[in-house]
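Notes follow once the structure below has been shown.
Residue numbers start from 1 in every chain, and the chains themselves are labelled A, B, ... in the order their sequence lines are given, proteins ahead of strands.
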Amino acid sequence: MLASIYKKLLEEYDYQGWWPVLNNYHPRDYNTPNNINEVFEVCVGAILTQNTNWNNVMKALSNLVNAGFLSPEKIKDCNIRTLKKLITPAGYYNQKAGYLKNFTEFFIKKIGTPTREELLNIKGVGKETADSILLYAYKVPTFVVDAYTKRMLESLGVIKGSEDYDVVKDLIEKELPKDYKLFQEFHALIVEHAKHYYSKKPYGVNDFLNTGFLK
DNA sequence: TTCCAGGCAATAC
DNA sequence: GTATTGCATGGA
């Protein structure tokens, strides 16, 4: 079921090349992020994009880059007010500035790939952000369940919609090869698809996935 | 003008 | 244990 959804979405939208680094998507390149700076950038983006559209996140990331602040050392040492100002376009900047400080402190100490547990212990990193960081920054095959994913799967009748995050995550992972490349593409494709069909109510109207092949 | 976005933590029930 | 609420900008 989920494999056929993935296949259909891939046919429709092609490879997405997530996670964007320096504003660039990179379809079929699964080596990105290539270095520690890019890894850090993906993590920062994952925190900034919480309940916020990517366009606003790009503005915040650009501000950080232009100010020379997109590095662990800078974010760790900078004045919190300065940080808030730079990330203002991403919204919730009072909270997110603190979240970035918390994450950066962890990032500087941590050697190698963090565990999900470690990430979840950081104030400001919840399940989706932790999984985004693992999947897109560290290439760990863990699936990212977002609001779009649940919305789409509910509309398609795959889930009820009231399931907990980890239940949906396990359900998806169970039915697919545990491959970080596939997980990256599938999540990105779901977001792309959902922007078309699951952003406005009523959800799922004219979704080509919902017109017969699943039923 | 209203609605929404690639959630999270704190609080209330 | 589950449901609500506050957080905020910028684009459609």
Side-chain angles (χ1 to χ4, degrees), chain A residues 6 9 13 15-27 32-33 41-64 80-81 83-104 106 116-138 142-155 159-169 172 180 183-205:
Chain A
Y6 171 65
L9 293 178
Y13 302 108
Y15 293 92
Q16 299 297 298
W18 273 35
W19 190 284
V21 170
L22 293 177
N23 255 348
N24 293 310
Y25 292 84
H26 44 89
T32 301
E41 185 189 325
V42 172
C43 296
V44 169
I47 290 168
L48 290 178
T49 199
Q50 292 168 358
N51 203 39
T52 299
N53 65 57
W54 187 256
N55 193 43
N56 284 7
V57 175
M58 282 187 344
K59 295 178 192 301
L61 285 174
S62 295
N63 288 346
L64 290 171
I80 189 91
R81 288 169 53 195
L83 186 56
K84 287 179 181 179
K85 201 163 196 173
L86 290 170
I87 68 169
T88 291
Y92 306 137
Y93 53 84
N94 288 303
Q95 295 181 342
K96 287 176 179 175
Y99 294 172
L100 288 179
K101 286 273 193 183
N102 296 340
F103 174 79
T104 302
F106 168 82
R116 192 168 192 253
E117 288 270 303
E118 289 174 329
L119 292 171
L120 290 175
N121 280 332
I122 302 166
K123 188 171 170 185
V125 177
K127 290 177 178 177
E128 185 184 336
T129 304
D131 288 332
S132 294
I133 288 172
L134 289 170
L135 180 61
Y136 289 106
Y138 291 97
T142 187
F143 201 82
V144 178
V145 178
D146 59 11
Y148 282 149
T149 306
K150 291 186 78 170
R151 215 178 269 173
M152 184 189 84
L153 293 180
E154 180 181 355
S155 175
I159 63 173
K160 283 177 57 184
S162 54
E163 293 89 342
D164 282 347
Y165 183 100
D166 288 319
V167 172
V168 179
K169 171 180 153 66
I172 295 170
Y180 83 88
F183 284 8
Q184 287 183 351
E185 291 293 353
F186 194 17
H187 173 248
L189 285 164
I190 288 171
V191 173
E192 182 59 28
H193 184 59
K195 283 177 180 172
H196 292 281
Y197 299 102
Y198 295 92
S199 285
K200 275 196 172 167
K201 294 179 181 179
Y203 299 135
V205 176

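Formation of a donor-acceptor pair under 3.5 Å by the A:Glu41 side chain with backbone atoms of A:Pro33 is not found in this model.
Computed from coordinates, the A:Lys96 NZ to B:dA9 P distance equals 13 Å when rounded to whole Å. As a whole-Å value, the separation of A:Phe103 CZ from B:dG7 P is 17 Å. The nearest whole Å value for the distance from the CD1 atom in A:Ile87 to the P atom in C:dA8 is 9 Å. The separation between A:Ile47 atom CD1 and B:dA9 atom P is 10 Å, rounded to whole Å. Atom NZ in A:Lys201 sits roughly 10 Å away from atom P in B:dC3 (whole-Å rounding). For A:Phe143 and B:dG6, the CZ to P distance is 15 Å, given to the nearest whole Å. Put simply, OH on A:Tyr13 is 14 Å from P on B:dG6, counting in whole angstrom units. Put simply, NZ on A:Lys200 is 8 Å from P on B:dC4, counting in whole angstrom units.
Rounded to a whole angstrom, the distance from the P atom of B:dG6 to that of C:dA12 is 13 Å.
With B:dC8, C:dG11, C:dC7 as the candidates, the nucleotide lying closest to the side chain of A:Lys59 is C:dG11.
Of the residues near DNA chain B, A:Pro20 and A:Val125, the one whose nearest nucleotide (by heavy atom distance) lies more toward the 5' end is A:Pro20. Taking the nucleotide of DNA chain B with the nearest heavy atom to each of A:Tyr203 and A:Lys127, the more 5' of the two is matched to A:Tyr203.
If you check every strand for non-hydrogen atoms under 4.0 Å, A:Val144 touches nothing. The residue A:Asn56 sits close to a base: some heavy atom pair falls under 4.0 Å. Residue contacts for A:Glu128: at a heavy-atom cut-off of 4.0 Å it reaches the sugar-phosphate backbone alone, with no base atom in range. Residue A:Leu120 is classed as having no contact, given no heavy-atom separation below 4.0 Å to the nucleic acid.
Taking the side chain as every heavy atom from C-beta outward, A:Tyr165 and A:Lys150 never approach each other to under 4.5 Å.
Close to B:dG6, at under 4.0 Å from its OP1 or OP2, lies no side-chain N or O of A:Arg151. Within the 4.0 Å cut-off from OP1 or OP2 of C:dA8, not a single side-chain nitrogen or oxygen of A:Tyr93 is found. Checking the phosphate oxygens (OP1, OP2) of B:dA5, no side-chain nitrogen or oxygen of A:Thr49 falls inside 4.0 Å. Phosphate proximity of B:dA10 to A:Lys123: present, with a side-chain N or O under 4.0 Å from OP1 or OP2. Here A:Asn51 does not reach the OP1 or OP2 of C:dA8: none of its side-chain N or O atoms lies under 4.0 Å away.
Ion pairing between A:Asp166 and A:Arg116 holds under the 4.0 Å rule for side-chain N and carboxylate O.
Below the 3.5 angstrom threshold, one finds no donor paired with an acceptor across the side chain of A:Tyr92 and the base of C:dG10.
Ring centroid separation for the pair A:Tyr6 and A:Phe186 comes in under the 6.0 Å cut-off.
Under a cutoff of 6.0 Å and an axis angle of 45°, A:Arg151 and A:Tyr203 form a cation-pi pair.
Just one of A:Ile87, A:Leu48, A:Ile47 meets the side chain to side chain contact (heavy atoms under 4.5 Å, CB included) condition when paired with A:Val57; it is A:Leu48.
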